[in-house]
**Q** 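Can you keep this structure in mind? I'll have questions shortly.
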Amino acid sequence: MIPSMTDSAVKAAMKAITETSATTPEKIEMLIEIAQGVLKKPKTADDVWNAVALYDKADELCQGEHPLLKARAKLGKANALRTIPDNGTQLLLQAKTNYQEALPVLQELASPPELAEAQMNLGLVLQSLIPFKLAQVTECIQIYQQALRIFTYQQYPQEYAILHNNIAIAYLSMSTGSQQQYLYEGLAVQSFETALKHINLIEHPKEYAMLQNNLGNALQYLPSSHPFKNNLRAVTAYDEALKIRNAQDTPLEYANTIANKANALINLPDNLEKPESGNSRNLQKAINYYQQAFDIFIKNKQDEQAQVVSQALQELGVAKE
């Protein structure tokens, strides 16, 4: 286990780098390696800040030389900054700047996977900045699509799935309240379905469940000329996710999926051919799912999710405290 890295430990590491007879590139690589080790299992935010200090020292040692090492120091700093909890945008903007400064050098000198990973992480930062109107959804999607040129399903199925998932979520954030919104929602569903052509239950269960769950969420809001068609497709997608997610091994993911499935069921008649006959059976299934999800959220101290489910139960006439 990596111990928490105190300020004194950082100073000792920097002093050791200064006193060693290693070459400058070797010193830079050592600093980057130490920082990466700290970031693998940081215990506190201070650990992450100490990693940032190590990356800054590596960057400083580069001076005007060693462009790839300098880019990697900036890249590491950006990765660290985006993980530090911050209610504002200052750290995200710093991370964005570091990624953007590193990318041209990575495009020229780094391996394709290293470049694609940087593009993927920049996309995450841009996505986090969108609610603050400090990034455009289109530039976020564009950088993800650039990463997809390298992270193909044949060689990098996990990254491929995550990228398609993120692209879909970005499209869903482009809600405009106009006819264009329907286009964006359709593109989101298309992104999920494209990924699911290559990400399967057996080889990539975690990614498969994630994509199916989020596809179900997107389908619930997708307009259709058949009022119940998309909710039925959503339930099918949730059932696919539930082939992987269960209360024992993945309780929170399971609770999220059954709550989502309940949302779809309350809008489905028991008999699609006779919708006028009501949906009492589906309502009861939904209530049972909501109650299961509520108990799991409470047990795992997920108060916000528990409140959302409690509100849904109250709207169905079921009190839950």
Side-chain angles (χ1 to χ4, degrees), residues 1-18 20 22-86 88-129 135 140 143-144 146-147 150-151 156 158-159 162-163 166:
M1 181 180 293
I2 298 169
S4 181
M5 193 169 202
T6 63
D7 291 341
S8 59
V10 173
K11 290 176 182 176
M14 290 188 177
K15 183 179 179 183
I17 291 295
T18 303
T20 183
T23 64
T24 298
E26 288 171 342
K27 291 178 181 180
I28 297 166
E29 289 176 346
M30 282 189 275
L31 285 165
I32 291 173
E33 187 176 342
I34 294 169
Q36 288 173 337
V38 174
L39 287 178
K40 282 182 180 177
K41 290 186 179 179
K43 290 187 174 182
T44 66
D46 285 342
D47 284 347
V48 184
W49 279 115
N50 285 327
V52 169
L54 292 168
Y55 284 123
D56 280 339
K57 182 63 177 177
D59 190 349
E60 178 188 327
L61 286 176
C62 290
Q63 297 183 359
E65 303 177 354
H66 319 297
L68 182 55
L69 290 176
K70 189 176 184 68
R72 285 174 176 162
K74 288 184 178 297
L75 195 61
K77 181 178 179 179
N79 290 338
L81 288 171
R82 73 180 181 85
T83 67
I84 299 172
D86 181 21
T89 60
Q90 182 180 357
L91 299 182
L92 287 171
L93 288 171
Q94 288 181 36
K96 176 186 172 183
T97 298
N98 277 273
Y99 282 127
Q100 290 177 328
E101 289 176 354
L103 277 175
V105 179
L106 296 176
Q107 287 172 334
E108 183 180 353
L109 300 175
S111 67
E114 186 175 8
L115 169 63
E117 184 177 358
Q119 291 169 330
M120 187 173 177
N121 288 332
L122 173 57
L124 291 172
V125 168
L126 293 173
Q127 206 157 357
S128 298
L129 287 169
C140 174
I143 200 75
Y144 283 143
Q146 288 175 21
I150 298 164
F151 284 152
Y156 303 95
Q158 291 180 327
E159 289 83 358
I162 291 168
L163 282 164
N166 292 352

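Along the sequence shown, residues are numbered consecutively beginning with 1. Predicted model only: the values in this text are computed from it and were never measured.
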**Q** Please give me the minimum heavy-atom distance between L75 and A102, naming the atom from each residue.
**A**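 L75 and A102 have their closest heavy atoms at N-CB, 4.4 Å.
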**Q** Mind checking what makes salt bridge (Lys or Arg N to Asp or Glu O under 4.0 Å) contact with K70, not counting sequence neighbours?
**A** D59
**Q** Quick one, K27 with T23, criterion side-chain contact (heavy atoms from CB on, under 4.5 Å). Give me CA distance, side-chain angles, the key distance, then yes/no.
**A** CA-CA 6 Å; K27 291 178 181 180; T23 64; over 6 Å; no
**Q** Kindly compute the distance separating CD1 (I162) from CD (E159), expressed to the nearest 0.5 Å.
**A**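 Output value for this atom pair is 6.5 Å.
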**Q** CG of L92 to CG of L124: how many Å apart, nearest 0.5 Å?
**A** 10.5 Å
**Q** Only one of L31, I17, I32 passes side-chain contact (heavy atoms from CB on, under 4.5 Å) with L54; say which it is.
**A** L31
**Q** Between T24 and L61, what is the shortest heavy-atom contact and its length?
**A**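 Distance-wise, the nearest heavy atoms are CG2-O, 3.7 Å.
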**Q** Has Q107 got more than 12 heavy atoms of other residues, nucleotides or ligands less than 6.0 Å from its CD?
**A** yes
**Q** When rounded to the nearest 0.5 angstrom, what distance separates CD in E26 from CE in M30?
**A** 6.0 Å
**Q** In Å, rounded to the nearest 0.5 Å, how long is the span from NE2 of H66 to CD of E29?
**A** 10.0 Å
**Q** At their closest point, which heavy atom of P113 faces which heavy atom of F151, and how far apart are they?
**A** O-CZ, 3.7 Å
**Q** Looking only at heavy atoms, which two atoms of V38 and D47 are closest? And how far apart?
**A** CG1-O, 3.4 Å
**Q** Quick one: does any side-chain atom of Y144 pair with a main-chain N or O of G123 as donor and acceptor, under 3.5 Å?
**A** yes
**Q** Among V52, I84, T83, which residue satisfies the side-chain contact (heavy atoms from CB on, under 4.5 Å) criterion with L91?
**A**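 Going through V52, I84, T83 one by one, the side-chain contact (heavy atoms from CB on, under 4.5 Å) with L91 is satisfied by I84 alone.
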**Q** Out of the candidates Q36, E60, K74, only one should pair with Y55 under the side-chain contact (heavy atoms from CB on, under 4.5 Å) rule; please name it.
**A** Q36
**Q** So, for P112 and I150, which heavy atoms are closest and what is the spacing to 0.1 Å?
**A** O-CD1, 3.3 Å
**Q** Given 3.5 Å as the limit, does a donor-acceptor pair link the side chain of Q100 with the main chain of T97, or not?
**A**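 A pair under 3.5 Å: no.
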**Q** Distance check, rounded to the nearest 0.5 Å: N50 atom CG versus T44 atom OG1?
**A**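 It is 7.5 Å, given to the nearest 0.5 Å.
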**Q** Determine the minimum heavy-atom distance between M120 and A147, stating which atoms define it.
**A**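 Scanning both residues completely, I find the closest heavy atoms to be N-CB, 4.2 Å.
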**Q** Could you grab the distance from atom CG of N98 to atom CG of L122, nearest 0.5 Å is fine?
**A** 11.0 Å
**Q** Hey, which of L81, V125, T89 is the one that makes side-chain contact (heavy atoms from CB on, under 4.5 Å) with K96?
**A**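 So the option named by the test is V125.
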**Q** Compute whether any side-chain donor of one residue and acceptor of the other, for N79 and Y99, lie under 3.5 angstrom apart.
**A**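 Side chains of N79 and Y99: pair found under 3.5 Å.
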